[in-house]
Amino acid sequence: MRIGKDFYQKDVLEIAPLLLGKFLVRRFEDGRLEKRKITEVEAYGGQEDLASHARFGKTLRNKVMWERGGLVYVYFVYGMYWMFNITTGKRGKPQAVLVRSVEGVEGPGRLGKWLALDKSFYGEDLTKSNRIWLEDGELENFKIKKLERVGVAYSGSWAKKKWRFILEK
DNA sequence: GGGACGATTGAA
DNA sequence: TCAATCGTCCCA
């Protein structure tokens, strides 16, 4: 079953670990359907989180973070990679979860490539889209590992927060 | 308008 | 260890 709107409206720190084990589904233009379990995510909070793109306030790139939860936030980095994020929380509170890995595709850059992301995915509604959405996982007892976020050393004490969640086998 | 750099990766 | 590679953001 596709995950509905309500799921995404809670706080990012509550949602991020819940995303582990859920299925990320993608229907490509040629009709091919891929469905993989999410295995690694990172939570990014509001303007107070100095590791978050929201730290400088609303800009053209990050404005979708201020919208309600359940939308796609994609952005381009290092001149070659599209990062896949999911907005969370209520409208007006900038939050997002970076999906770093799914089963068999490790690393946010590789995931973006595998999903064939581009600018057109910006703001896409995961509860309505016919090309990308999330589905419920199986009922299992997962072990979750919490680690520091990657690549955010510039954010001082915020870099020490263990807001990266990994599905343990 | 200019310059520095990034929520990364793969090759040397 | 470092190049690839370019959009975004800060500052002037």
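Heavy-atom basis, side chains included; hydrogens, waters and symmetry copies ignored.
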Fill in: Of K113(A) and Y154(A), the one whose closest DNA chain B nucleotide lies more 5'
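Result of the comparison: Y154(A).
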
Practice prompt. Would you mind telling me which residue lines up with the more 5' stretch of DNA chain B, R110(A) or V152(A), judged by nearest nucleotide?
Written response: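 Looking at DNA chain B, the more 5' nearest nucleotide goes with V152(A).
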
Length of the line joining [X]:[atom1] and [N]:[atom2], which is rounded to integer Å:
X: E42(A); N: dT8(B); atom1: CD; atom2: P; result: 7 Å
X: Y78(A); N: dC2(C); atom1: OH; atom2: C1'; result: 13 Å
X: Q47(A); N: dC9(C); atom1: CD; atom2: P; result: 13 Å
X: R55(A); N: dT8(C); atom1: CZ; atom2: P; result: 15 Å
X: R164(A); N: dT8(B); atom1: CZ; atom2: C1'; result: 13 Å
X: H53(A); N: dT8(B); atom1: NE2; atom2: C1'; result: 12 Å
X: Y75(A); N: dC9(C); atom1: OH; atom2: C1'; result: 15 Å
X: N85(A); N: dT8(B); atom1: CG; atom2: P; result: 11 Å

Discussion item. What contact category does G79(A) fall into here, base, sugar-phosphate, or nothing, at under 4.0 angstrom with non-hydrogen atoms?
Written reply: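 The residue G79(A) makes base contact.
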
Discussion item. By the 4.0 Å heavy-atom rule, please label R149(A) as base, sugar-phosphate, or nothing.
Written reply: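 No contact at all - R149(A) keeps every heavy atom at 4.0 Å or more from the nucleic acid.
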
Worksheet item: Looking at K5(A), R68(A), R2(A), which one forms a salt bridge (Lys or Arg N to Asp or Glu O under 4.0 Å) with D125(A)?
Response: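 Checked K5(A), R68(A), R2(A) against D125(A); only one passes salt bridge (Lys or Arg N to Asp or Glu O under 4.0 Å): R68(A).
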
Item to complete: Quick one: look up who dC6(C) pairs with, Watson-Crick or G-U, both distances under 3.5 Å, and put none if it's unpaired.
Response: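 By the stated definition (distances under 3.5 Å), dG6(B) pairs with dC6(C).
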
Discussion item. Under 5.5 Å centre to centre and under 30° between planes: does that hold for Y44(A) and the six-membered base ring of dA7(B)?
Written reply: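 Y44(A) ring centre within cut-off of dA7(B) base, planes near parallel; stacks.
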
Discussion item. Any side-chain to backbone donor/acceptor pair from N62(A) onto H53(A)? Under 3.5 Å, distance only.
Written reply: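 Between the backbone of H53(A) and the side chain of N62(A) there is a qualifying donor-acceptor contact (under 3.5 Å).
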
Discussion item. I'd like to know if the side chain of S129(A) reaches the main chain of E124(A), judged simply by a donor and an acceptor atom lying under 3.5 Å from each other, with no hydrogens or angles considered.
Written reply: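 No: the side chain of S129(A) does not pair with the backbone of E124(A).
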
Worksheet item: Can you say whether the rings of W158(A) and W163(A) are parallel (under 30°), tilted (30 to 60°) or perpendicular (over 60°)?
Response: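 Plane angle over 60°, so perpendicular.
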
Would you please confirm or rule out a distance under 4.0 Å between OP1 or OP2 of [N] and any side-chain N or O of [X]?
X: T59(A); N: dC9(C); result: yes
X: R100(A); N: dT8(B); result: yes
X: Y81(A); N: dG7(C); result: no

Worksheet item: Start at the 5' end of DNA chain C and walk down; is the nucleotide closest to F76(A) or to G57(A) reached first?
Response: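 Looking at the nearest nucleotide for each, F76(A) comes out on the 5' side.
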
Fill in: Nearest-angstrom distance, P atom, dT5(C) to dG2(B)
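Nearest-Å result for dT5(C) against dG2(B) at atom P: 23 Å.
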
Item to complete: Go through dG7(C), dT5(C), dA7(B) for me and flag the one nearest to the M80(A) side chain.
Response: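 In terms of side-chain proximity for M80(A), the closest of dG7(C), dT5(C), dA7(B) is dT5(C).
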
Item to complete: For G4(A) and T127(A), work out which heavy atoms get closest and say how close.
Response: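 Scanning both residues completely, I find the closest heavy atoms to be C-CG2, 3.8 Å.
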
